[in-house]
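Report on one structure; see the data block that follows.
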There are 2 protein chains.
Amino acid sequence: MTEQNSPRPSRRERPAKPALTRDGIIGTAVALMRAEGLQRVTMRRLAQELDTGPASLYVYVRNTAELHAAVLDDLLGAVDLTPVGASGDWRDRLVRVLTSYTNVLFEHPGLARSALVARPSGERYLDLLDALLALLGEGGVPGERAAWAVDLLLQFATSTAAEHAAGEKDPADAEGEWAALAAALRGASGERHPHVAALGTELLSGPGEARLDWGFQVLINGVLHTPRPGTPDTP
Amino acid sequence: MTEQNSPRPSRRERPAKPALTRDGIIGTAVALMRAEGLQRVTMRRLAQELDTGPASLYVYVRNTAELHAAVLDDLLGAVDLTPVGASGDWRDRLVRVLTSYTNVLFEHPGLARSALVARPSGERYLDLLDALLALLGEGGVPGERAAWAVDLLLQFATSTAAEHAAGEKDPADAEGEWAALAAALRGASGERHPHVAALGTELLSGPGEARLDWGFQVLINGVLHTPRPGTPDTP
DNA sequence: ACCTGAACACCGTTCAAGT
DNA sequence: ACCTGAACACCGTTCAAGT
């Protein structure tokens with residue numbers, strides 16, 4: 001995989017045609033994404049960038065989903081895992097790692113979307129899994145419960161980031177949609193939807209950051225209080 | 001919106017060209033999805049079904065995302081909300097509603113995917129929101145906390161369904177990807193990834209149903225134990 | 001083995017022109 | 001106002017043929 005920010009294609013100076021290898025392809029894909037956004041990282045556009053036809057890429061990459069998964073794994077190198085070895089409350093450190101992961105995905109919500117479907121399984125992803133398991137272990141969460149908990153935590157973080165994929169291309173769409181939901185909630189009839197009407201705008205309240213953090217706290221507290229089925233309920 | 005299973009386009013017998021109205025379009029889209037899957041519900045294919053050109057649809061539907069959102073709201077009519085008024089433990093009834101919602105989405109994971117990005121705001125969605133708020137209220141969850149909790153619960157259910165979108169077209173892709181993750185976990189080095197290596201296959205264990213149910217329990221327990229920031233911590 | 005030109009079978013969306 | 005033919009600007013993927 002490409003190292004973060006080291007697009008050195010060879011020791012010669014900028015050849016017109018970068019080497020056609022899996023790593024070269026993925027490195028170019030990452031650069032293309034940073035330059036033009038994920039929506040431009042298509043087989044055709046990428047092939048054009050590499051001065052070849054799209055068919056050539058299929059020698060190294062099974063399909064577009066796999067390409068995006070590889071790009072994501074590369075991006076995961078930017079997640080800050082230093083809180084694992086730091087001192088302080090394990091919960092705080094766990095939330096810090098998860099927040100870093102979410103922030104990385106926030107930069108490319110489309111990638112979060114695809115991560116939900118094509119789970120990554122690269123080296124950086126394993127690094128992240130191991131970090132989360134280490135912190136849950138520190139917190140005394142039994143191993144078999146932690147195994148399920150990491151999934152839950154990452155799914156929440158990933159889907160939160162994916163939700164922002166709407167405004168990626170056209171921010172107006174996202175705003176219009178938010179306005180539609182707000183209008184629907186405000187216009188809720190007290191008869192058919194009494195609870196929605198009673199809460200009203202409360203349902204949309206609060207900055208995203210606070211909701212994300214609250215979500216992490218809910219999950220951690222929940223994991224601490226919920227044994228896995230068929231398992232002794234030692235915390 | 002279309003009533004479930006009543007594609008009566010007019011009182012005449014099956015005209016070749018159904019009326020071109022928003023409801024007619026969405027009804028046809030739902031039928032097309034049931035017949036050929038969401039991936040065929042495109043503006044072009046839908047226009048063809050309606051014996052017209054794609055441009056005509058843009059009079060009634062802003063874009064593809066809005067079309068899919070409308071289809072989803074129609075589908076939401078199949079969610080079983082009867083547990084709200086039933087007797088028994090509120091937690092069980094809450095989980096039953098959420099499970100029904102998840103099962104509806106499981107039938108069309110692609111729709112779950114799009115729901116994550118383009119949040120629905122139709123009548124059936126409000127019905128669902130109101131049902132969940134009613135049950136949380138019964139459980140004594142304070143209103144402003146319940147307002148955030150429904151989001152969390154629906155996000156978890158929706159993203160769980162969305163994860164299955166991989167195998168929708170080509171099940172081989174989904175299997176290959178699962179195998180890749182399994183291989184990566186099994187091959188985890190005890191040095192770089194000790195916790196992953198120690199848990200090994202445990203990370204993938206258990207039937208999806210059990211994990212879904214455990215997830216709901218974690219969220220409910222977590223919500224019960226986690227006050228919203230800046231709020232008195234009365235349960 | 002690796003690479004590719006060309007083709008197949010599609011997309012979403014816009015716009016000028018019609019009724 | 002509503003509707004549409006035609007066009008613009010793209011897609012993913014495969015395959016037969018070349019090197």
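Sequence lines set the chain letters: A, B, ... in the order given, protein chains first and strands last, and positions in each chain run from 1.
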Taken to the nearest whole Å, CG/B:Leu46 to C1'/C:dT13 is 15 Å
Restricting to side chain to side chain donor-acceptor pair (under 3.5 Å), what partner residues turn up for A:Asp213, sequence neighbours left out? none
Not counting sequence neighbours, list each pair that qualifies as a salt bridge (Lys or Arg N to Asp or Glu O under 4.0 Å) and has a residue in residues 109-118 of chain B. none
State whether the number of non-hydrogen atoms from other residues, nucleotides or ligands found under 6.0 Å of A:Arg192 atom CZ is greater than 12. yes
From the options D:dT4, C:dT4, D:dG12, select the nucleotide whose nearest atom is closest to the side chain of A:Arg44. D:dG12
Report the nucleotide, chosen from D:dT4, C:dG12, D:dT13, that has the shortest atom-to-atom distance to any side-chain atom of B:Thr64. C:dG12
Working to the nearest 0.5 angstrom, can you tell me the gap between B:Asp80 CG and B:Arg96 CZ? 8.5 Å
Length of the line joining A:Arg62:CZ and D:dG12:C1', which is rounded to integer Å: 15 Å
Here the distance between atom P of D:dT4 and atom CD1 of B:Ile25, to the nearest Å, is 10 Å
Determine which bases of DNA chain C form Watson-Crick or G-U wobble pairs with both distances under 3.5 Å, and write the result as a 5' to 3' dot-bracket string with | for other-strand partners. ||.|||||...|||||.||
For the pair made of CG in B:Leu57 and P in C:dG12, what is the distance, rounded to whole Å? 10 Å
Considering only atom C1', compute the distance from C:dA16 to D:dC2 and round it to an integer number of Å. 15 Å
Just how far, in rounded Å, is P of D:dA6 from CE of B:Met43? 21 Å
Take atom C1' in C:dA9 and the same atom in D:dC10, then report the distance between them in whole Å. 14 Å
Is the phosphate of D:dC2, meaning OP1 or OP2, less than 4.0 Å from a side-chain N or O of B:Ser56? no
B:Thr42 vs C:dC10: side-chain N/O to OP1/OP2 distance below 4.0 Å: no
Hey, is CZ on B:Arg186 packed in by over 12 heavy atoms from elsewhere, all under 6.0 Å? no
Between atom CZ in A:Arg22 and atom P in C:dA1, what is the gap in whole Å? 20 Å
For atom CD of A:Gln48 and atom C1' of C:dT4, their distance in whole Å: 16 Å
With nearest nucleotides of DNA chain C determined for B:Val41 and A:Tyr60 from heavy-atom distances, which residue corresponds to the more 5′ nucleotide? A:Tyr60
Report the nucleotide, chosen from C:dC3, C:dC11, D:dT4, that has the shortest atom-to-atom distance to any side-chain atom of B:Arg45. C:dC11
May I have the distance from B:Arg40 (atom CZ) to C:dA9 (atom C1'), rounded to whole angstrom? 10 Å
Does A:Glu66 form a salt bridge (Lys or Arg N to Asp or Glu O under 4.0 Å) with A:Arg22? I'd like the steps, not just the answer. CA-CA 12 Å; A:Glu66 198 195 288; A:Arg22 192 174 206 270; 2.4 Å; yes
Tell me, do B:Leu75 and B:His108 make a side-chain contact under 4.5 Å, heavy atoms counted? yes
